[in-house]
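We name chains A, B, ... by the order of the sequence lines, and we start the count at 1 in each one. Hydrogens, waters and symmetry mates are skipped; everything else that's a heavy atom, side chains included, is used.
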Amino acid sequence: WLAKVLWAQLLCGWVLGSELTFELPDNAKQCFYEDITVGTKCTLEFQVITGGHYDVDCRLEDPDGTTLYKEMKKQYDSFTFTAAKNGTYKFCFSNEFSTFTHKTVYFDFQVGDDPPLFPNENRVTALTQMESACVSIHEALKSVIDYQTHFRLREAQGRSRAEDLNTRVAFWSIGEALILLVVSISQVVLLRSFFSDKKTTMTRVGS
Amino acid sequence: MQPCVLALLLLALFCSRAPALYFHIGELEKKCFIEEIPDETMIIGNYRTQLYDKQKEEYLPASPGLGMFVEVKDPDEKVILSRQYGSEGRFTFTSHTPGEHQICLHSNSSKFSLFVGGTLRVHLDIQVGEHANNYAEIAAKDKLTELQLRVRQLVEQVDQIQKEQNYQRYREERFRQTSESTNQRVLWWSIVQTLILVAIGIWQMRHLKSFFEAKKLV
């Protein structure tokens, strides 16, 4: 009885993936850690949503400090690996190369498989046709939700750029109107000032 | 057999959402996470804190007296949840407007001496929409068979997809409005700029001509 309970406890240790969106200020580095058991297949996926040139440095290290993945100034990437050691894996996002733009970064860290729907999954019989149909629909819908998430992030990125462009166009048009007026009036004033000085010398020469 | 199933069910209830991912947070530091979600979506957040013990040089589990302040803001910057929880907590909220919700956490150290020069380790797990459902609980409450529970899960997933699609339509409209506004502004600006240039050119020539005629140079 106790053995079954403990074994179920181990099963429950397979948690769902973590998916977070956070803001990374300029010159900042944010690290996340997770304890992973050997043999687990993990996937790290990240995307920069807003900010600057939409790029970030990412680095993934295993418990001994060996770098498994390192990319500089990447906008989007996906990395799959199988844990070779037990221990704490660490992945960091760095915006240290940027001086004044803060970035919004989304990441999805999937560890192992999803936990089964029922805790007592030690079945003797195979799945019925209905149940296996349900399982395949579930997997298909999971990938639909995944694609929706990616689409939402891309759309957020596009919208952020469009709103930036809109603001820039507004400021630029007002700024250019002012510059035009100032330059044209000062041109006329300057030209007038040239001829006002010379006039006295010219009349003296003339007479 | 019965107590075994009950024990497994209880275990599933308690440990199915054990937060595994963790990060470090300073004493006065506020960590915010953004969740862009459609409306009527439930979000469940679980967190667990550990404090670094300098003497033992390791992280102590669940330090007492060290609470976390959780604040959730909706897309209109209105606070919808603002509560202090203990060193281990679970917060739930449902969105009523679609958009970017901000979940902020910062520590509320009541015993300042515990935290001096140290960092707090925070385990966090945020589940959105269909993932927030606890199927073991639903099966027990509604007395569903295995097949019924699987179909229920599919229904929840399709629900989430449908909500997301609705939200997508609303967002696309906003995007289109911004793009059309930019288009209009660029169009108006080019017309206005041409008119300003021509008008200023004419004014400059006329003004200078009258100026030189006054000065008897022309």
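- The line from CD of B:E35 to CD of A:E19 is 7.0 Å long, rounded to the nearest 0.5 Å.
- Side-chain atoms of B:Q165 and A:Q148 include a donor-acceptor pair closer than 3.5 Å.
- Chain B forms more heavy-atom pairs under 4.5 Å with one residue of A:Q30, A:E23, A:M130, A:Q187 than with any other, namely A:Q30.
- Heavy atoms of B:I200 lying under 4.5 Å from chain A belong exclusively to its side chain.
- Atom OH of A:Y69 sits in a crowded spot, with more than 12 heavy atoms from other residues, nucleotides or ligands closer than 6.0 Å.
- For the set B:W189, B:F33, B:Y167, B:W188, the entry with the most heavy-atom pairs within less than 4.5 Å of chain A is B:W189.
- Interface residue A:C134: backbone and side-chain heavy atoms are both found under 4.5 Å from chain B.
- Note that CD of B:E164 and OH of A:Y147 are 16.0 Å apart. Values are rounded to the nearest 0.5 Å.
- Both the backbone and the side chain of B:Q157 come within less than 4.5 Å of a heavy atom of chain A.
- Remark: A:T21 OG1 to B:I34 CD1 distance equals 6.5 Å, nearest 0.5 Å.
- Annotation for B:Q162: atom CD does not count as buried by contact number, only 12 or fewer foreign heavy atoms lying within 6.0 Å.
- In this structure, the separation between CG on B:L197 and CG on A:L180 is 5.0 Å, given to the nearest 0.5 Å.
- For chain A, the option among B:G129, B:G201, B:S181, B:S179 with the highest count of heavy-atom pairs below 4.5 Å is B:S181.
- Heavy-atom neighbours of B:H106 NE2 from other residues, nucleotides or ligands within 6.0 Å: above the threshold of 12.
- In A:K85, the NZ atom is crowded: over 12 heavy atoms of neighbouring residues, nucleotides or ligands sit closer than 6.0 Å.
- The contact between B:I196 and chain A is made entirely by side chain atoms (from C-beta outward), counting heavy-atom distances below 4.5 Å.
- Interface residue B:I161: backbone and side-chain heavy atoms are both found under 4.5 Å from chain A.
- Residues A:Y33 and B:F23 place their aromatic rings such that the two centres sit no closer than 6.0 Å.
- Within the 4.5 angstrom heavy-atom criterion, no atom of A:T149 approaches chain B.
- Both the backbone and the side chain of A:K142 come within contact range of chain B, judged by heavy atoms closer than 4.5 Å.
- A 6.0 Å sphere centred on NE2 of A:H53 holds no more than 12 heavy atoms belonging to other residues, nucleotides or ligands.
- We find the CZ-OH distance between A:F32 and B:Y22 to be 12.5 Å, quoted to the nearest 0.5 Å.
- One N or O on the side chain of B:Q204 and one on the backbone of A:S184 form a donor-acceptor pair closer than 3.5 Å.
- Of the listed residues (A:A162, A:A177, A:S173, A:A156), the greatest number of heavy-atom pairs within a distance under 4.5 Å of chain B belongs to A:S173.
- In terms of heavy-atom pairs under 4.5 angstrom with chain A, the leader among B:R185, B:H207, B:R171, B:Q193 is B:R171.
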For this session: I would like to know whether A:E163 and B:R174 meet side-chain contact (heavy atoms from CB on, under 4.5 Å); could you show each step before the answer?
Result: CA-CA 10 Å; A:E163 281 169 4; B:R174 254 184 61 190; 3.5 Å; yes
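- Interface residue B:E172: only backbone heavy atoms are found under 4.5 Å from chain A.
- One finds no salt bridge joining B:R169 and A:E155 here, because no Lys/Arg side-chain nitrogen approaches an Asp/Glu carboxylate oxygen to under 4.0 Å.
- One distance of note links OG1 of A:T104 with CD of B:E36; it measures 10.5 Å at 0.5 Å rounding.
- The part of B:W203 that comes within reach of chain A is its side chain, from C-beta onward, which places non-hydrogen atoms under 4.5 angstrom from that chain.
- Residues B:L21 and A:F91 have side chains in contact (heavy-atom distance under 4.5 Å, counting atoms from C-beta outward).
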